[in-house]
Amino acid sequence: MREWHRYYSQKRIGHQWQQLDLVGRFHHGGEILEIGPYLGLVTALLVNAGYEVTTLDIGEKQFRAPDTRHIVADIRHLDPATIARFDTVLCCEMLEHLPWQQTDGVLRALGRPGRTMIISVPYEGWQVFAQLYANRHTARQTFQWRKLRALRRFPIEHDGPETHKWEVGYLGHALAAWERKIAAAGWTIVHREFTSPTRSVFHVLRS
């Protein structure tokens, strides 16, 4: 419970909402495959909104509700037949946990004619975020300024599966390079969205 409240913070919650919003705008029916559900907040939102959802992760499911079907698999070695029935795939904040060079094969393996995929990865390109709220009783503000990341290599703290191996915006990982990877894997970008204060770039793709 403590980890659930820590992870789904006020800062991050807009990122979860963005996933639900994009599903509502670009999903065209059928069952959704959610890759990397973690503690299941997005899964619960989708199920309670009436979507049929199956989750997939490298380990067993880490939540009890909702009681969805779950596939245990490593997306680096995924048999495309395992997920052939899904017309929409949701894969958010997952690919940056893989080495940059391994994402090419994963993006290709997730492709299937007619499929829609919604992906997101952290975005650290140049950006400014400012927010102010005030009334006669209280005031609070938030300010973020990201700059010069393109001149620095992404700092990898250690090589565990839970760590980020790269983020878009750092040296060698420009947004244009990421989008070239997507296109080379056979996907067409139909929509792009940025989130803040959780800084991510979303792409809606068609195969």
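Quick caveat: nothing in here was measured; it's all calculated off a predicted structure.
- The environment of CZ in Arg64 is sparse: at most 12 heavy-atom neighbours from other residues, nucleotides or ligands sit within 6.0 Å.
- Taking a 6.0 Å sphere around CG of Asp79, one finds it holds more than 12 heavy atoms contributed by other residues, nucleotides or ligands.
- Nearest approach of Cys92 to His15, heavy atoms of both residues: CB-CE1, 4.3 Å.
- A distance-only check finds a donor-acceptor pair linking the side chain of His70 to the backbone of Gly59 [under 3.5 Å].
- Residues Leu41 and Gln16 come closest through the heavy atom pair CD2-CG, 4.0 Å.
- Looking at Tyr123 and Phe202, their side chains never come closer than 4.5 Å, going by heavy atoms from C-beta outward.
- At a threshold of 4.5 Å between non-hydrogen side-chain atoms, the residues Gln62 and Leu39 count as touching.
- Side-chain contact between Ser196 and Gln131 is absent, with no heavy-atom pair separated by less than 4.5 Å.
- When all heavy atoms of Pro197 and Phe129 are compared, the closest pair comes out as CB-CE2, 3.8 Å.
- Under 3.5 Å, the side chains of Thr55 and Glu34 contain no donor-acceptor pair of N or O atoms.
- Residues Thr116 and His27 are not in side-chain contact: their nearest non-hydrogen atoms beyond the backbone lie 4.5 Å or more apart.
- No chain of hydrophobic side-chain contacts below 4.5 Å, direct or via other Ile, Leu, Val, Met, Phe, Trp or Tyr residues, connects Met117 to Phe26.
- The two atoms that bring Val106 and Ile75 nearest to each other are CG2-O, 3.6 Å, heavy atoms only.
- A 4.5 Å side-chain heavy-atom check between Trp166 and Val121 finds at least one atom pair inside the cut-off.
- No hydrogens or angles considered: a donor-acceptor pair under 3.5 Å links the side chains of Arg149 and Tyr170.
- Residue Ile119 forms a side-chain contact (heavy atoms from CB on, under 4.5 Å) with just one option from Leu90, Ile35, Ile182, and that option is Ile182.
- Atom OG1 of residue Thr198 and atom NZ of residue Lys11 lie 5.5 Å apart, to the nearest 0.5 angstrom.
- Counted within 6.0 Å of CD on Gln10, heavy atoms from surrounding residues, nucleotides or ligands total 12 or fewer; the atom is thus considered open.
- The closest donor-acceptor contact from the side chain of Lys61 to the backbone of Gly40 lies at 3.5 Å or more, if one exists at all.
- Using a 4.0 Å cut-off between charged nitrogen and carboxylate oxygen, Glu167 and Arg199 do not count as a salt-bridge pair.
- Annotation: Gln101, atom CD; neighbour count of heavy atoms from other residues, nucleotides and ligands within 6.0 Å is above 12.
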I would like to know whether Ser200 and Glu93 meet side-chain contact (heavy atoms from CB on, under 4.5 Å); could you show each step before the answer? CA-CA 8 Å; Ser200 292; Glu93 307 304 290; 3.2 Å; yes
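- Looking at Arg115, its side chain does come within 3.5 Å of a backbone N or O of Phe86 through a donor-acceptor pair.
- At least one side-chain heavy atom of Leu20 sits less than 4.5 Å from a side-chain heavy atom of Leu46.
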Using side-chain contact (heavy atoms from CB on, under 4.5 Å), reason through Tyr133 and Thr138 one step at a time and then give a plain yes or no. CA-CA 8 Å; Tyr133 175 80; Thr138 188; 4.1 Å; yes
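- Asp57 places none of its side-chain heavy atoms less than 4.5 Å from the side chain of Tyr38.
- With rounding to the nearest 0.5 Å, the separation of CG in Leu205 from CG in Leu110 is 10.0 Å.
- A side-chain donor-acceptor contact under 3.5 Å links Ser207 to the backbone of Arg112.
- At least one side-chain heavy atom of Lys165 sits under 4.5 Å from a side-chain heavy atom of Thr163.
- Nearest heavy atom pair, residue Thr43 against residue Pro37, reads OG1-CB, 3.6 Å.
- By the 4.0 Å N-to-carboxylate-O rule, Asp21 lies close enough to Arg25 to be salt-bridged with it.
- Results of the side chain to side chain donor-acceptor pair (under 3.5 Å) test with His203 over His191, Glu193, Glu179, Arg192 single out Glu179 as the only residue that passes.
- In this pair, His97 and His164 present their aromatic rings perpendicular. The plane angle is above 60°, beyond the 30 to 60° band.
- The line from CG of Leu33 to CZ of Arg69 is 11.0 Å long, rounded to the nearest 0.5 Å.
- Cation-pi geometry between Arg12 and Tyr7 is met: under 6.0 angstrom from the ring centre, within 45 degrees of the axis.
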Yes or no on side-chain contact (heavy atoms from CB on, under 4.5 Å) for Val72 and Glu60, after CA distance, side-chain angles and deciding distance? CA-CA 6 Å; Val72 176; Glu60 294 294 339; 3.6 Å; yes
Start with the C-alpha distance between Ile83 and Thr54, add both sets of side-chain angles, then the distance that settles side-chain contact (heavy atoms from CB on, under 4.5 Å), and finish with yes or no. CA-CA 10 Å; Ile83 61 169; Thr54 291; over 6 Å; no
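- Residues His173 and Phe154 keep their aromatic ring centres 6.0 Å or farther apart.
- The two residues Phe143 and Val128 come nearest to each other via the heavy atoms CE1-CG1, 3.9 Å.
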